[in-house]
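Worksheet for the structure shown next.
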Amino acid sequence: MAPLSNLAVRDIETLVHPYTNLAHVRESGPLVIERGKGVFIYDVNGKAYIEGMAGLWCTALGYDNEELAEAAVQQMRKLPFAHLFSAKSHDPAIELAEKLKEMVPAPTSKVLFCNSGSEANDTQIKLVWYMNNALGRPRKKKIVSRQRAYHGVTIASASLTGLPANQSDFDLPIERILHAACPHHYRHGQEGESEEDFATRLAAELDAMIEREGPDTVAAFIAEPVMGAGGVLVPPKTYFEKIAAVCRRHDVYLIDDEVICGFGRLGTAFGCQALGFRPDSISVAKALTSGYVPMAAVTVPEPMYQALLDESRKIGVFGHGFTYTGHPVAAAVALKTLEIYARERLFDQVAQKAPHFQARLSALGAHPLVGEARGVGLIGAVELVADKASKRSFDATAAVAHLAVRLAEEEGLIVRALFGDAVSLCPPLIITREEIDELFDRLTRALDRTLDWAVRDKLIDSRM
Ligand SMILES: Cc1ncc(COP(=O)(O)O)c(C=O)c1O
């Protein structure tokens, strides 16, 4: 192995890396990135990579958008910080709240700003609890999430997350969080069960769960339209309409976590529009600012706002909010981001590019290592399996998806290994058709090399 660079050594001496095997990185060193342009990022040695994950599902406008940089600079010069505590306000936050109210397909009276997806989903839980106390139903507090969901890492949002690594040894989940079944037809659909029948079964299971727990104790259901970090899981057809009906029947507040799907990822402004459901509230983050600065938001419907008002009168203050809630620089960048999305008709452009992206993705379904190639819009994943016919997974210790990701890096492509040996793709929304082709060519070479290795190490019987 090549000796570690000076920067890599300093990194190892100083940083705790999120979502990293901390033992491995001490030996391999980190990949140190220096700059970005378009859909490309460049490491300190000048090597170019297609950023096939838009960073962490966020840099929708790529890496060199001058307008966003200019919006930040101008706001920093004019008013670099202002807050919304104690009845203070400022123009960028007001304007952004107005814009979001216009855009979101949920009944929205007000907007509450946060700084990350985790904070947004934590805030959702707190608001639901607060509202139900205000409404005189203090028992209605349980929140239903789903296995393999990803809603963040703070104590409450990590409890909503349904992935083992976020809970093991962190003493999570907290109480009053339930996990319904994961809507992944490839893995959990029964022999001969159609997607629609699978969706009907999942809705019936949710209904039974709520009945068992007691509808007067179940407050909310939270879901990503397409599950991201859980493996890019596209729900079975008719899933959300059936789930939403169950929620309505039991007066369960439906929270739509649009942190990945929001702002065009599925070819519609919001993921719920592509998948055909109308939530009570939406969490957004990431592409709200194209990832250039941290910002997130939660939408508040009028009945909830009335409950917050009542509590505020009773307690004297609405006791929630962050120092950086509605940060003016973040709000200015978000406003510019939304302006560019509208001006460039970016969501329509995604819808136009998606069929080509999805065609290249589905073609990978024929690769001997790929059990399922799945996606919608400009998001997708391939799930690597040891045996296609039986869907047998590789032994987790073989870390096959991690190897594929490393080989993709060698080929000049950033992708990400997710739960269940899924290799995910979520490029900047500005990616061109030619760049999509280049992305898939590089990924195919990486998968071919992974296959060679799997055959050599006898992890797979043959090349089929
Ligand atoms: C759907 C979803 N919700 C919430 C989060 C958490 O966001 P953050 O990392 O900004 O806290 C993420 C992060 O990837 C996400 O994908």
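The model shown is predicted, which means the values in this text are computed figures rather than measured ones. Indexing begins at 1, ligand by ligand and atom by atom, following the structure's order. Both backbone and side-chain heavy atoms feed into the values below; hydrogens, waters and symmetry mates do not.
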For this session: Select one of side chain, backbone, both or neither to describe which atoms of Val153 lie under 4.0 Å from any atom of ligand 1, heavy atoms only.
Result: neither
For this session: With heavy atoms only and a cut-off of under 4.0 Å, state how Glu224 meets ligand 1: side chain, backbone, both or neither.
Result: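 The part of Glu224 near ligand 1 is the side chain, not the backbone.
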Problem set entry | Shortest protein contact, atom 3 (N) of ligand 1 (heavy atom only) | Asp257 OD2, 2.7 Å
Problem set entry | Top protein contact for atom 2 (C) of ligand 1, by heavy-atom distance |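 Checking every protein heavy atom, the shortest distance to atom 2 (C) of ligand 1 gives Tyr150 O, 3.3 Å.
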For this session: Using the ring of Tyr19 (Phe, Tyr or Trp, six-membered ring only), decide whether Arg416 places NZ or CZ under 6.0 Å from its centre and within 45 degrees of its axis.
Result: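 Judged by the rule (NZ or CZ under 6.0 Å from the ring centre, within 45° of its axis), Arg416 counts as positioned above Tyr19.
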Problem set entry | Electrostatic pair Glu67:Arg343 at N-O distance under 4.0 angstrom |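 Yes, charged N to carboxylate O under 4.0 Å.
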Problem set entry | NZ/NE/NH1/NH2 to OD/OE distance under 4.0 Å, Arg201 and Glu205 | yes
Atoms in ligand 1 with a heavy atom of [X] nearer than 4.0 Å:
X      : value
Ser118 : 6 (C), 7 (O), 8 (P), 11 (O)
Ser116 : 10 (O), 11 (O)
Lys286 : 12 (C), 13 (C), 14 (O), 16 (O)
Gly117 : 6 (C), 7 (O), 8 (P), 10 (O), 11 (O)

Problem set entry | contact_flag Leu56 ligand 1 heavy-atom lt 4.0 Å |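 No; Leu56 lies far enough from ligand 1 that no heavy-atom distance drops under 4.0 Å.
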For this session: Anything under 30° is parallel, anything over 60° is perpendicular, the rest tilted; go ahead and classify His83 against Phe85.
Result: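 Geometry flag for Phe85 against His83: perpendicular rings.
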For this session: Before giving the answer on side chain to side chain donor-acceptor pair (under 3.5 Å), spell out for Thr108 and Lys101 the whole-Å C-alpha distance, their side-chain angles and the decisive distance to 0.1 Å.
Result: CA-CA 6 Å; Thr108 303; Lys101 270 185 70 170; over 6 Å; no
For this session: For residues Phe113 and Ala297, report the shortest heavy-atom separation together with the two atoms involved.
Result: CD2-CB, 3.7 Å
